[in-house]
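Notes follow once the structure below has been shown.
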Amino acid sequence: MDVNFSGHVTRVVAVEESTQVGQVRREALALATRIGFDETDSGRVALAASELASNLLRHGGGGRVYLSVVQGRDARGVELYTVDAGPGFVLSQALVEGYSTGGSQGLGLGAVKRQATLLDSWSDARGTIVVARIYPERAGPRVDLAYGALRLAMRGEEACGDAWHLSVREGQATLTVIDGLGHGLPATDAAQEGTRRAAEAGVDAPGQLIDALHKAMSGTRGGAVAVATLPLAGGELQFSGIGNINAGIADAISYRGLASMPGIVGVQFRKAQAFNVHAAHGTLLLMHSDGLQARWRLQDYPGLVHRHPALVVAVLQRDFDRGRDDASIVALRMGAW
């Protein structure tokens, strides 16, 4: 399995009244078509999008739908997840045909489950998050990869100055997160130059890759960069960071932050020093820009660290997005590939 994937900008659609269900469906259909889904697979995405958006209105009092392109083992897929402030539910109950919390026929999430390779949810006092990933039928049941990611433009902007890239080759992965200085098109140009170079480099040592990104981003605004290279089965993780990318590894009882050095990649920094950290099978690697607050603790969400990384990303974004900057967050599970 080889992967060389730069994260696309995530689309966010508010669902507060019935006409916006159609907007979600249209945007999901366009996304599926853009990445090469055929008519049948695109129809599966459209159906899931309509059901998830409708559920927001029926049971959650409205909310938001997030649409992203995801990279699977041998195919790309569409990820849809919803966030509401409703009373919550237990997913295993909601998947039973005829079960309903709001007087409907109780067919919605069951229909989504039949289309999705991944369907999972998280409910707490702040509401419910439902994550679905849909891949082409030809891809098979084991297509999904154990990572979650978001790339969100600042509210009111289309361009996103944050970016991330994942390269996988022969059991080794290199994850790069970039926060272009500022926001808008100049920051986007810096981030895109960085991800372009990361894609060319593939799996590389963190210090060497940051040096290469420094050359590629020269002449742009530059930005903060963090790079982690690791064996996907777990083992010795190498990390190097310049600027304010928050990074760390989490397990069931602890979170260990990974230190970055001061500077701006593409402008000036002293040295990209690499650190080695042991990260066991099952460890969760998390990296995000300062579009998210850094004061979160996974221990405040019992059991979340063991869930799919896409749920982890969605919960942290819901609760800690600053709302006034671009935001990028990636979580990757070692040993689940």
Worksheet item: Should we say atom CZ of Arg76 is surrounded by more than 12 heavy atoms from elsewhere, each under 6.0 Å from it?
Response: yes

Discussion item. Whether Arg151 and Asp162 form a salt bridge (side-chain N of Lys/Arg under 4.0 Å from carboxylate O of Asp/Glu) is what I want to check.
Written reply: no

Fill in: Within-4.5 Å side-chain heavy-atom neighbours: Asp41 and Asp38
yes

Worksheet item: If you measure from CG on Leu298 to CD1 on Ile253, what distance do you get to the nearest 0.5 Å?
Response: 13.0 Å

Item to complete: Verify side-chain contact (heavy atoms from CB on, under 4.5 Å) between Ile329 and Leu152, making sure each step is shown before the conclusion.
Response: CA-CA 9 Å; Ile329 175 171; Leu152 294 163; over 6 Å; no

Response to the item:
CE (Met154) and CZ (Arg324) are apart, to the nearest 0.5 Å, by 11.0 Å

Practice prompt. Go through the side-chain N and O atoms of Glu27 and Gln23 and say whether any donor and acceptor fall under 3.5 Å apart.
Written response: yes

Discussion item. Could you check whether any side-chain heavy atom of Val277 comes within less than 4.5 Å of a side-chain heavy atom of Ile249, counting everything from C-beta outward?
Written reply: yes

Discussion item. Just checking Gln268: does its CD atom have more than 12 heavy atoms from other residues, nucleotides or ligands closer to it than 6.0 angstrom?
Written reply: no

Discussion item. Let me confirm one number: the CG-CZ distance from Leu29 to Arg44, rounded to the nearest 0.5 Å.
Written reply: 13.0 Å

Worksheet item: Under a 4.5 Å cut-off applied to non-hydrogen side-chain atoms, are Arg318 and Asp124 in contact?
Response: yes

Discussion item. Would the distance check show the side chain of Thr188 and the main-chain N or O of Cys160 forming a donor-acceptor pair, the cut-off being under 3.5 Å?
Written reply: yes

Discussion item. Checking side-chain contact (heavy atoms from CB on, under 4.5 Å) between Val15 and each of Asp84, Val83, Val65, which is the one that passes?
Written reply: Val65

Discussion item. For a quick check under 3.5 Å, do Asp204 and Thr174 share a side-chain donor-acceptor pair by atom type?
Written reply: no

Practice prompt. Would you tell me whether Glu79 and Tyr66 have side-chain atoms, one donor and one acceptor, within less than 3.5 Å of each other?
Written response: no

Worksheet item: Does some side-chain heavy atom of Leu52 sit less than 4.5 Å from a side-chain heavy atom of Val112?
Response: yes

Discussion item. I'd like to know if the side chain of Trp296 and the backbone of Leu292 have a donor-acceptor N/O pair within less than 3.5 Å.
Written reply: no

Discussion item. Checking Thr82 against Asn55 for the side-chain contact (heavy atoms from CB on, under 4.5 Å) test, could you report, in this order, the C-alpha distance in whole Å, the side-chain angles of both residues, the deciding distance, and whether it holds?
Written reply: CA-CA 9 Å; Thr82 61; Asn55 279 345; over 6 Å; no

Worksheet item: At their closest point, which heavy atom of Leu258 faces which heavy atom of Gly248, and how far apart are they?
Response: CG-CA, 3.9 Å

Worksheet item: So Asp300 and Arg295, salt bridge (charged side-chain N to carboxylate O under 4.0 Å, His left out) or not? Walk me through it.
Response: CA-CA 11 Å; Asp300 294 336; Arg295 57 182 178 84; over 6 Å; no

Fill in: Test: Arg197 and Glu193 ion pair at under 4.0 Å
no

Worksheet entry | Distance in Å, Asn246 CG paired with Phe320 CZ, rounded so as to fall on 0.5 Å steps | 11.5 Å

Worksheet item: So, does Arg221 use its side chain to make a donor-acceptor pair with the main chain of Ala187 at under 3.5 Å?
Response: no

Worksheet entry | Test item: Val13 and Leu67 side chains (from C-beta on) under 4.5 Å apart, heavy atoms | yes

Practice prompt. Mark yes or no for whether Tyr301, through its side chain, and Leu316, through its backbone, hold a donor-acceptor pair below 3.5 Å.
Written response: no

Worksheet item: Just wondering, are more than 12 heavy atoms of other shown residues or ligands nearer than 6.0 Å to CD in Glu170?
Response: no

Practice prompt. State, with a plain yes or no, whether a side-chain heavy atom of Val177 is found less than 4.5 Å away from one of His288.
Written response: no

Discussion item. Suppose we call two aromatic rings close when their centres sit under 6.0 Å apart. Are Phe275 and Phe239 close by that rule?
Written reply: no

Worksheet entry | Set of side-chain contact (heavy atoms from CB on, under 4.5 Å) partners for Ala32, sequence neighbours left out | Phe37, Ser42, Val45, Val78

Practice prompt. Check whether any side-chain heavy atom of Val69 lies under 4.5 Å from a side-chain heavy atom of Phe5, and answer yes or no.
Written response: yes

Worksheet item: Under 4.0 Å between a Lys/Arg side-chain N and an Asp/Glu carboxylate O for Arg322 and Asp325?
Response: no

Worksheet item: Is the shortest distance from a Lys or Arg side-chain nitrogen in Arg73 or Asp2 to a carboxylate oxygen in the other one below 4.0 Å?
Response: no

Discussion item. Assigning hydrophobic clusters by single linkage (Ile, Leu, Val, Met, Phe, Trp, Tyr; side-chain heavy-atom cutoff under 4.5 Å), is Leu286 placed with Val313?
Written reply: yes

Practice prompt. Start with the C-alpha distance between Met261 and Arg270, add both sets of side-chain angles, then the distance that settles side-chain contact (heavy atoms from CB on, under 4.5 Å), and finish with yes or no.
Written response: CA-CA 8 Å; Met261 301 292 107; Arg270 288 187 177 181; over 6 Å; no

Worksheet item: If Ile, Leu, Val, Met, Phe, Trp and Tyr residues are connected whenever their side-chain heavy atoms lie under 4.5 Å apart, and connections chain through other members, are Val267 and Leu209 in the same group?
Response: no

Fill in: Same cluster (ILVMFWY, side-chain, under 4.5 Å), Ile134 and Leu109
yes

Worksheet item: Same hydrophobic cluster for Ile264 and Met217, using side-chain heavy-atom links shorter than 4.5 Å among ILVMFWY?
Response: no

Response to the item:
Value for CZ (Arg11) from CG (Leu80), rounded to nearest 0.5 Å, stands at 13.0 Å

Response to the item:
For Ser260 and Gly243 the tightest heavy-atom approach is CB-O, 3.2 Å

Worksheet item: Taking all non-hydrogen atoms of both residues, which atom of Val131 and which atom of Ala310 are closest, and how far apart?
Response: CG1-CB, 4.0 Å

Worksheet item: Got a donor-acceptor contact below 3.5 angstrom from the Thr220 side chain to the Gly222 backbone?
Response: yes

Item to complete: Would you check if there is a donor-acceptor pair between the side chains of Trp122 and His308 at a distance under 3.5 Å?
Response: no

Practice prompt. Over all heavy atoms of both residues, which pair between Leu284 and Ala331 is shortest? Give the atoms and the distance, please.
Written response: CD1-CB, 4.3 Å

Discussion item. Quick check: do Leu47 and Gln115 have side-chain heavy atoms less than 4.5 Å from each other?
Written reply: yes

Practice prompt. For residues Gln238 and Asn276, report the shortest heavy-atom separation together with the two atoms involved.
Written response: CG-OD1, 3.0 Å

Discussion item. Minimum heavy-atom separation for His281 and Gly335, please, with both atom names.
Written reply: CE1-O, 3.0 Å

Practice prompt. Check the pair Leu166 / Val330 against side-chain contact (heavy atoms from CB on, under 4.5 Å), numbers first and verdict last.
Written response: CA-CA 10 Å; Leu166 176 65; Val330 187; over 6 Å; no

Worksheet item: Are Val24 and Leu57 joined in one hydrophobic group, where the rule is that I, L, V, M, F, W and Y side chains link up if heavy atoms are under 4.5 Å apart?
Response: yes

Fill in: Rounded distance (nearest 0.5 Å) linking atom CD1 of Ile129 with atom OG of Ser121
9.5 Å

Worksheet item: Are there more than 12 heavy atoms of other residues, nucleotides or ligands under 6.0 Å from atom CG of Asp290?
Response: yes

Worksheet item: Would Asn4 and Ser167 count as having a side-chain donor-acceptor pair, cut-off 3.5 Å?
Response: yes

Discussion item. When you compare the side chains of Thr195 and His165, does any donor N or O come within less than 3.5 Å of an acceptor on the partner?
Written reply: no

Fill in: is_close_aromatic(His214, Phe269), centroid dist under 6.0 Å
yes

